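Ligands are counted one by one from 1 in listed order, and the atoms in each one are counted from 1 as well. In what follows, residues are counted from 1 in the order of the sequence shown. Reckoned from all heavy atoms, side chains included, excluding hydrogens, waters and symmetry mates. Treat the numbers as computed from the prediction; the structure is a model and nothing was measured.
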Amino acid sequence: MNTENFETVIVESDLLILGGGMASCGAAYEASHWAKKHNLKVTVVDKAAMERSGAVAMGLSAINLYLGLAKGKNTVEDYVSYVKNDLMGIARADLVANIARHVDSSVHLFEKWGLPIWKDEEGNYVNEGRWQIMIHGESYKNIVSEAAKSALKELGENGKYYERIFITEPIMEGERCIGAAGFSVRENKFYIFKAKAVLDVMGGAVHVFRPGSVGEGMGRSWYPPFNSGASAYFTMKSGAEMTCQEVRFVPIRFKDSYGPVGAWFLLFKAKAVNAKGEDYMVTRADELQKWGPYGQAKPTPANLRNYLMLKEVEEGNGPIYMKTDDAIRELAANIPDEKEAKRKLKELETEAWEDFLDMTISQALNWASHNIMPEETPSEISACEPYFISSHSGASGAWVSGPADLAPEGYHWGYGNMTTVKGLFAAGDASGASSHKFSSGSFTEGRISGKSAIAFIVDNPDLPEISAEKIEELKANILRPLQTFEQHKDYANDVDVNPNFIKPKMFMFRLQKIMDEYAGGAAVGFKTSKALLEKGLEYLKFMKEDSEKLAASDLNELMRCWENVHRMWQAESHIRTILFREETRWPGYYFRTDFPAINEDWEVFTNCKWDPETGDWKMIKREVH
Ligand code: SFD
Ligand code: AMP
């Protein structure tokens, strides 16, 4: 593709929201309200179409964070202690509490906008577990994005959203973030977005590690492969301090199609067993003692539940099964009336299928194509490849300022959810150390950040300039893979094998191989060590050099090139942080064979920061208050 005919489009805004997912929708909704009062512009940019973009694209079957504060069901303190235990002590209580105290109102908004929430006979929400409520959520994202777009439209000319624009790079003026550069994935257009404040909400990172689904299954994953590390790249490249970059999330999922397990464990009360029919949570309970106070926490932290299962697999006791059949039978067993029992059974079967049809359609297809009827046949479950997602049970992301009234010394620098870079905010999967926010909490954190970013803009009303020279430099660099391909494509007769360049797919395979084998991926049972990590870093250095030679034959491949550069940065910060933390704290997420135990001295946040001036990485310990 010729890059000479690319138009440069410059968009000026006050608040720039990058990404169109749950946190973005919350931010757009809330910021529009405050922007109207101050006559400010709000712009949202999504690489996809907001109606079905991000992790909620396929829908969800539960809202995993709802406290029910008004009904006195739970307290914010209960939630904070649940999250801290689940993350083995490593969580920012101020951030978690801030989201928890506001999340119920977001859920009530979803309902008002038309999201069907399950109700019991008294009209109360139906809980899946203590914090989770059931929804008929196939259209969850359509509903939420419609509300966000309506809020932007209320601003008239001051409210805009751009879809199918891939954000590639941050734009800085000294130590302040003043915008972003990207390109359309449909038209020959290069974009510069200028802004007074920027909110990074581009989701988590998928496909950094080699997935279980390879070959014909490639592209299937639990979290969307379209969330490819742009959030972390953006904050790191801006020079922002990151936290918990070692805390990946390894979900247990229905094998190969990635169906989530929450509804099965919590709503249906199913058990997971090894091939001999043993419940490893019972038979291996003693092994929890080794993991400090967290081994005794209730519920058992997600990573420790994983760990016990991984031990079974390691000892050759697989396959591991979710006993869907027993669960359904037991739930219908105590109903004396035969007709009523039959009706209940049918209802449970429907709910079982809806759980996946609402959220992970491939899992329902898997059942259908393997003649599985959940009421009769148990299903295999397994540990997935690692994901970077701080809104669930991982924690990686930007280190952000906490709320003025809750944040202790050192956790607060003026504007809530601002990163350590002036004018750059982060929320949802982009902000770290505030796990278990899920869809509702990410939307809520987006609201908090949107409001706070508007306050920043009111205090910093100047719109910084970006020089024409800078714009041309960004454009040339971002479009370079198209030129590289054009220049060398005829050298070889196979576009995938050419000594002058590397295609993004091959680049991704190489990255995934390094991460899987050296950084404790699924293939090596999530185990790693100093020696392996250092070797991995050595290979990543070569990858960084080769990234200069990425080549793209069209706009879609250009996006793939940059997605993989983003993944590579996530990978490097991950390896560096695992290396820094000399202990094993989350044995079911990754295991340091050279430091195989939890160590009190490491009950700290391990942060990192890339220096845009020198290109050096700095590793930092921060206290857990
Ligand atoms: O059970 C760029 N999640 C669940 N949350 C729940 O509340 N209940 C559930 O039942 C959940 N389950 C679940 C969940 C996710 C998935 C995939 C499944 C099941 C199958 C988690 C939530 O979905 C998640 O916490 C939030 O969505 C996180 O919100 P946010 O805003 O941080 O991320 P996003 O929604 O994925 O949006 C990201 C956006 O960024 C865009 N983007 N835009 C421009 N340029 C780039 N370079 C970009 N890169 C990405 C995306 O297009 C998107 O708009 S259960 O299994 O846990
Ligand atoms: P998942 O489907 O695994 O994403 O989980 C959905 C929700 O249920 C999350 O809040 C999990 O933390 C929670 N959850 C899943 N499995 C269990 C379990 N066995 N015990 C306690 N909580 C769980």
Any chance the rings of F234 and W569 have centres within less than 6.0 Å?
no
For H392 and H436, take the angle between the two ring planes, folded into 0 to 90°, and tell me which bin it lands in: parallel under 30, tilted 30 to 60, perpendicular over 60.
tilted
Look at atom 16 (C) of ligand 1 and say which protein heavy atom is nearest, naming residue and atom and giving the distance to 0.1 Å.
A55 O, 3.6 Å
Between R560 and E557, does any NZ, NE, NH1 or NH2 come within less than 4.0 Å of an OD or OE carboxylate oxygen?
no
For atom 15 (C) of ligand 1, the protein heavy atom that lies nearest, with its residue and separation:
Y223 CE1, 3.6 Å
Between the side chain of T235 and the main-chain N/O of A240, is any donor-acceptor distance below 3.5 Å?
no
Minimum-distance pair of heavy atoms, taken over all atoms of Y258 and R220
CE1-O, 3.6 Å
Should K323 and E330 count as an ion pair when the cut-off is N to O under 4.0 Å?
no
So is there a nitrogen or oxygen of F226 less than 3.5 Å from a nitrogen or oxygen in ligand 1?
no
Ligand 1 contact by R253, heavy-atom criterion under 4.0 angstrom:
yes
Let me have the donor-acceptor pairs involving side chains of residues 262-272, under 3.5 Å, with sequence neighbours excluded, atom names and distances please.
{"unit_1": "K269", "atom_1": "NZ", "unit_2": "L266", "atom_2": "O", "d": "2.8"}

Within a distance under 4.0 Å of any heavy atom of S391, pick out the atoms of ligand 1 and give their elements.
24 (C), 25 (O), 28 (C)
Give a yes or no on whether the backbone of F438 and the side-chain of S391 come within a donor-acceptor separation of less than 3.5 Å.
no
Purely on distance, is any nitrogen or oxygen of W222 under 3.5 Å from one on ligand 1?
yes
In this structure, atom 22 (C) of ligand 1 is nearest to the protein heavy atom S439 N, 3.8 Å
Near I63 (heavy-atom distance under 4.0 Å), the atoms of ligand 1 are 7 (O)
By number and element, which atoms of ligand 1 are closer than 4.0 Å to a non-hydrogen atom of P260?
56 (O)
Just wondering, more than 12 heavy atoms not from E351 lying within 6.0 Å of its CD?
yes
Compute the minimum heavy-atom distance from G262 to ligand 1 and say whether it is under 4.0 Å.
no
What residue and atom, counting heavy atoms only, is the protein's closest point to atom 12 (N) of ligand 1, and at what distance?
L60 CD2, 3.7 Å
Regarding ligand 1, does K47 bring an N or O atom to under 3.5 Å of one of the ligand's N or O atoms?
yes
Look only at interatomic distance and state if S53 has a nitrogen or oxygen under 3.5 Å from any nitrogen or oxygen of ligand 1.
yes
Taking every heavy atom of N64 against every heavy atom of A62, the minimum-distance pair comes out as OD1-CB, 3.6 Å
Taking the basic N atoms (NZ, or NE/NH1/NH2) and the acidic carboxylate oxygens, is any pair closer than 4.0 Å for K437 and E445?
yes
Please determine whether any non-hydrogen atom of I165 lies less than 4.0 Å from an atom of ligand 1.
yes
In chain-and-number order, ligand 2 lies under 4.0 Å from a heavy atom of each of N64, Y82, Q132, R253, P260, V261, G262, F265, L266, P299, R305, H392, H436, F438
Counting from 1 in the order shown, the ligand 1 atoms closer than 4.0 Å to a non-hydrogen atom of V201 are 38 (C), 39 (C), 40 (O)
Which residue and heavy atom of the protein sit nearest atom 52 (O) of ligand 1, plus the separation
D46 OD1, 2.7 Å
In terms of heavy-atom contacts, M22 and S439 come closest through CE-O, 3.7 Å
Does an N or O anywhere in A23 fall below 3.5 Å from an N or O of ligand 1?
yes
Identify the heavy atoms of D86 and A302 that sit nearest to each other, and give their distance.
OD1-N, 2.8 Å
Taking every non-hydrogen atom, the tightest pair across C561 and P504:
N-CB, 3.7 Å
Can you check whether F166 and F183 have ring centres sitting under 6.0 Å from each other?
yes
What salt bridge (Lys or Arg N to Asp or Glu O under 4.0 Å) pairs are there with at least one residue in residues 51-65, not counting sequence neighbours?
R52-E138
Measure W562 to ligand 1 on non-hydrogen atoms and call it side chain, backbone, both or neither using the 4.0 Å cut-off.
neither
closest protein heavy atom to atom 10 (O) of ligand 1 is A62 O, 3.3 Å
Taking the basic N atoms (NZ, or NE/NH1/NH2) and the acidic carboxylate oxygens, is any pair closer than 4.0 Å for K141 and E146?
no
Would a distance-only check, ignoring hydrogens and angles, find a side-chain to backbone donor-acceptor pair under 3.5 Å from Q245 to G397?
yes
Close-contact set for ligand 1 against F438 heavy atoms, below 4.0 Å
5 (N), 6 (C), 7 (O), 25 (O)
Heavy-atom nearest neighbour in the protein, as seen from atom 1 (O) of ligand 1, with distance rounded to 0.1 Å
N64 ND2, 3.4 Å
At a 4.0 Å threshold, what atoms of ligand 1 neighbour a non-hydrogen atom of H392?
57 (O)
Polar contacts were defined as any N/O atom of the residue lying under 3.5 Å from an N/O atom of the ligand; does this apply to F166 and ligand 1?
no
Which of the ligand 1 atoms, numbered from 1, are nearer than 4.0 Å to a heavy atom of G203
33 (O), 38 (C)
Show the atoms of ligand 1 that are less than 4.0 angstrom away from any heavy atom in V56.
23 (O), 27 (O)
Are any of the N/O atoms on M22, whether in the backbone or the side chain, positioned under 3.5 angstrom from an N/O atom of ligand 1?
yes
Going by atom type alone, with no hydrogens or angles, which donor-acceptor pairs under 3.5 Å involve a side-chain atom of residues 99-111 and a protein atom two or more places apart or on another chain?
{"unit_1": "R101", "atom_1": "NE", "unit_2": "N98", "atom_2": "OD1", "d": "3.1"}
{"unit_1": "R101", "atom_1": "NH1", "unit_2": "D405", "atom_2": "OD2", "d": "2.8"}
{"unit_1": "R101", "atom_1": "NH2", "unit_2": "N98", "atom_2": "OD1", "d": "2.9"}
{"unit_1": "R101", "atom_1": "NH2", "unit_2": "D405", "atom_2": "OD1", "d": "3.0"}
{"unit_1": "R101", "atom_1": "NH2", "unit_2": "D405", "atom_2": "OD2", "d": "3.4"}
{"unit_1": "D104", "atom_1": "OD1", "unit_2": "L67", "atom_2": "N", "d": "2.8"}
{"unit_1": "D104", "atom_1": "OD1", "unit_2": "G68", "atom_2": "N", "d": "3.4"}
{"unit_1": "D104", "atom_1": "OD2", "unit_2": "G68", "atom_2": "N", "d": "2.9"}
{"unit_1": "D104", "atom_1": "OD2", "unit_2": "L69", "atom_2": "N", "d": "2.7"}
{"unit_1": "S105", "atom_1": "OG", "unit_2": "H102", "atom_2": "O", "d": "3.1"}
{"unit_1": "S105", "atom_1": "OG", "unit_2": "R447", "atom_2": "NH1", "d": "3.2"}
{"unit_1": "S106", "atom_1": "OG", "unit_2": "T444", "atom_2": "OG1", "d": "2.9"}
{"unit_1": "S106", "atom_1": "OG", "unit_2": "R447", "atom_2": "NH1", "d": "3.1"}
{"unit_1": "H108", "atom_1": "ND1", "unit_2": "D104", "atom_2": "O", "d": "3.3"}
{"unit_1": "H108", "atom_1": "NE2", "unit_2": "Y66", "atom_2": "OH", "d": "2.9"}
{"unit_1": "E111", "atom_1": "OE1", "unit_2": "Y125", "atom_2": "OH", "d": "2.6"}
{"unit_1": "E111", "atom_1": "OE2", "unit_2": "K119", "atom_2": "NZ", "d": "2.8"}

So which heavy atom in the protein is nearest atom 50 (C) of ligand 1, and how far is it from that ligand atom?
M202 O, 3.3 Å
